[in-house]
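Atom set for the values below is all heavy atoms of this structure, side chains included, hydrogens, waters and symmetry mates excluded.
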Amino acid sequence: MTDPRRAGLLPEAAEYVVVGGGTAGSAVAARLAEAGHDVLVLEAGPDFGPQGEASWPADFVDATRLGRSHDWGYDSGDTYPWTVGFERARAIGGSSDVNGCTQTWGHRRDYDAWAEAGLTGWAADDLAPLFAGGMERMRVRQFTADELTPWQHAWYDAAPAVGMPRLTSLNDLDEAAGFAPEAMNIQDGVRINASFAYLDPVRGLPHLRIVGDALVDRVVVERGVATGVVVHHHGEIATVRAGTVVLAGGAYNSPTILLRSGIGPFAQLAPLGIPLVHHLPGVGENLHDQPFLLMSFAGSDRMAAEMDAARAAGWTPDEQAMGKAASSLETEAFDLHFLPYSPTHRGDDKRWSIGTSALLPRSRGFVRLRSADPEAKPWIDHRFLSDAEGADVAMLIEGAVMLRELAATAALSPLVGAEIHPGPETFARDALAAHLYRHPDNYWHPVGTCRMGVAGDPGAVVDERARVHGIEGLRVADASIMPRIPRATTAMPSVVMGEKVAALLLEEATA
Ligand SMILES: Cc1cc2nc3c(=O)[nH]c(=O)nc-3n(C[C@H](O)[C@H](O)[C@H](O)COP(=O)(O)OP(=O)(O)OC[C@H]3O[C@@H](n4cnc5c(N)ncnc54)[C@H](O)[C@@H]3O)c2cc1C
């Protein structure tokens, strides 16, 4: 007889309900289950089962390129003259199913600054063991220079020309500028997502239940205590009771769940007919991501021949190496990334590219509800490059200037060819600035919409134990709680958000 609990049916209650089985959610759920707790994961997208199941979409498993299927379908709408995609995977494993598999940590100053703002336990030295544990669990491997494809190798070799030494790793928390092969969660060409890494080892435990296609509408709050969630599952709407609710819906969706629960700025909830449960003005605010510029080149016959030969000989992923550099605005460490990108499956003018990103953006946007319907897409406005000082655009321009300098070196120019995007018409600073304002782009690293902050901080949503201010029994554990983005890609920092919140919950459970 089929055990209804293993058949994916919705249970009535659980000690911990984790909303979202994504990057951070998988880590929280697994750590709690490993410690013997009763855990229910409610994931809006499908649960494809363990690694190796045929139901896993090919684009999620293939680590040579970014995945695209099972997306929430968010974008910038008509905010800009062109549409910026805000891709987020809707499936067990979350955005770790589709991402570029680059695992970076940032710099010591990123996390020490959180601790200096009163967030005890979040300094770099506190988090370093969790980063190390996350890397091991996600099966991250440091690539070596001799594994780089010719396109990646060319930039890595040339990097010292613009003051970036060649490094063996990007993840020394004290290191500043440098170019290095990436550390990546890829094994035998397979993207090791958070579901494979964290959930698979605990799937057999009777006290862990994972329910896919379970869209959480809102948290039920009774007399200031979260007691469960309302979930849409196969056409039914049900309430599941919870000892503790942990939201892990990611930076776009955790705030929308809070808002639909009546937790957020009163003025936004009233027009949507959502009864106020707790006025918390910071919910959905402080949205930020690192603005990005993709630069493309004409390439060369030699580079094409070398890449074709590399492809014929084996495996040629789109991304593999990365540079860190400092703009003139940065005094502590670095604030720019350089990301060579060579999609071998594309024949278009993006074939030979390198991106630069401004890692410490000052612009802040927001996520707001358009409707109380949980399937309605939220209003997402990053307000890219909107900071009053113009620092974000200045950082990005300096990144582009450094890359142009590098592309013009004797070693690189015969290989990469002429710049075709954004092209010679943007060689003047003002023209490039105008281009960037017209065509803002993101690095797929939204954070900050349920930001951590101490009691009394008016914009804070959760405290340093990830407890939602003013509500008992409710935590948030994902990229949304980062107060300011680390100068990193955000997958491993998101894993660490999950690991840290699990550690806090376990500490309290045994106290
Ligand atoms: C295309 C792309 C490329 C990227 N490349 C890289 C990279 O190379 N390196 C890197 O470090 N970072 C990269 N990132 C960013 C990184 O993947 C994210 O920062 C990280 O995965 C965020 O983790 P999270 O747990 O906050 O959210 P997610 O992993 O997105 O998890 C959120 C989960 O919650 C579920 N959910 C949401 N709402 C609900 C609801 N109402 N009910 C139930 N479930 C819900 C979602 O379906 C999802 O499974 C990339 C991201 C994208 C999209």
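At least one test fails for K377 against the ring of W72: distance under 6.0 Å to the centre or angle within 45° of the axis. Both tests hold for R141 against F143: distance to the six-membered ring centre under 6.0 Å, angle to the ring axis within 45°.
Using a 4.5 Å heavy-atom threshold, the side chains of W315 and T64 count as touching. Taking the side chain as every heavy atom from C-beta outward, H278 and I471 approach each other to under 4.5 Å. Side-chain contact between N185 and R139 is absent, with no heavy atoms from C-beta onward closer than 4.5 Å. Within the 4.5 Å cutoff, the side chain of F179 has no heavy atoms near those of the M322 side chain.
Shown here is R383, whose CZ atom has no more than 12 heavy atoms of other residues, nucleotides or ligands within 6.0 Å. Within 6.0 Å of CD on E472 lie no more than 12 heavy atoms contributed by other residues, nucleotides or ligands. When the shell of 6.0 Å around CD of E136 is examined, it contains 12 or fewer heavy atoms from other residues, nucleotides or ligands.
Salt bridge R65/D318: absent, no basic N to carboxylate O contact under 4.0 Å. Ion pair R368/E285 flagged as a salt bridge, since at least one NZ, NE, NH1 or NH2 atom sits closer than 4.0 Å to an Asp/Glu carboxylate oxygen. A salt bridge is defined here as a Lys NZ or Arg NE, NH1 or NH2 lying under 4.0 Å from an Asp or Glu carboxylate O, and R475 with E508 meets this definition. By the 4.0 Å N-to-carboxylate-O rule, R465 lies close enough to E507 to be salt-bridged with it. The residues R137 and E34 are annotated as salt-bridged, a charged nitrogen and a carboxylate oxygen being separated by less than 4.0 angstrom. Here D38 pairs with R209 in a salt bridge; the nearest charged N to carboxylate O distance falls below 4.0 Å. With respect to E15 and R241, no salt bridge is recorded, no charged nitrogen being found less than 4.0 Å from a carboxylate O. Classification of R203 and D47 as a salt-bridged pair holds, one side-chain N sitting under 4.0 Å from a carboxylate O. Between D110 and R487 there is a salt bridge, with a side-chain nitrogen of the basic residue lying less than 4.0 Å from a carboxylate oxygen of the acidic one.
To the nearest 0.5 Å, atom OG1 of residue T102 and atom CD of residue Q320 are 10.0 Å apart. The structure places CE of M492 at 11.5 Å from CE of M497, a figure rounded to the nearest 0.5 Å. To the nearest 0.5 Å, the span separating OH on Y111 from CG on L119 amounts to 13.5 Å. Between the CD atom in Q103 and the CD1 atom in I186 there is a gap of 9.5 Å [rounded to 0.5 Å]. In this structure, CG in L293 is found 12.0 Å from CG in L339, a value given to the nearest 0.5 Å. To the nearest 0.5 Å, the span separating CG on L403 from CH2 on W155 amounts to 6.0 Å.
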message: Using side chain to side chain contact (heavy atoms under 4.5 Å, CB included), reason through R311 and T149 one step at a time and then give a plain yes or no.
response: CA-CA 9 Å; R311 185 151 59 152; T149 68; over 6 Å; no
- request: Quick one: do N193 and T23 satisfy side chain to side chain contact (heavy atoms under 4.5 Å, CB included)? Show the steps, please.
  value: CA-CA 8 Å; N193 62 50; T23 312; over 6 Å; no
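No side-chain N or O of Y341 forms a donor-acceptor pair with one of Q152 less than 3.5 Å apart. Side-chain atoms of E147 and T144 form a donor-acceptor pair, as typed in the model, at a separation below 3.5 Å.
Looking at T356, its side chain never comes within 3.5 Å of a backbone N or O of F338 through a donor-acceptor pair. Here the side chain of D392 pairs a donor or acceptor atom with the backbone of S363 at under 3.5 angstrom. At distances below 3.5 Å, at least one donor-acceptor pair connects side-chain atoms of R166 with backbone N or O atoms of D157. Proximity of a side-chain donor or acceptor of D387 to a complementary backbone N or O of R362 within less than 3.5 Å is not detected. Under a 3.5 Å cut-off, the side chain of N442 and the backbone N or O of G85 do form a donor-acceptor pair.
The aromatic rings of H445 and Y443 lie tilted to each other, with the angle between the two planes from 30° to 60°. Ring orientation note: the planes of F384 and F86 are tilted relative to one another, at an angle of 30° to 60°. Using cut-offs of 30° and 60° on the angle between ring planes, the pair W56 and F60 is tilted.
Screening V367, V476, V461, T256 for a side chain to side chain contact (heavy atoms under 4.5 Å, CB included) involving T449 leaves a single residue, V367. Partner of R108 under the salt bridge (charged side-chain N to carboxylate O under 4.0 Å, His left out) criterion, out of D126, D174, D172: D174 alone.
Between H70 and F48, the distance from one ring center to the other falls under 6.0 angstrom.
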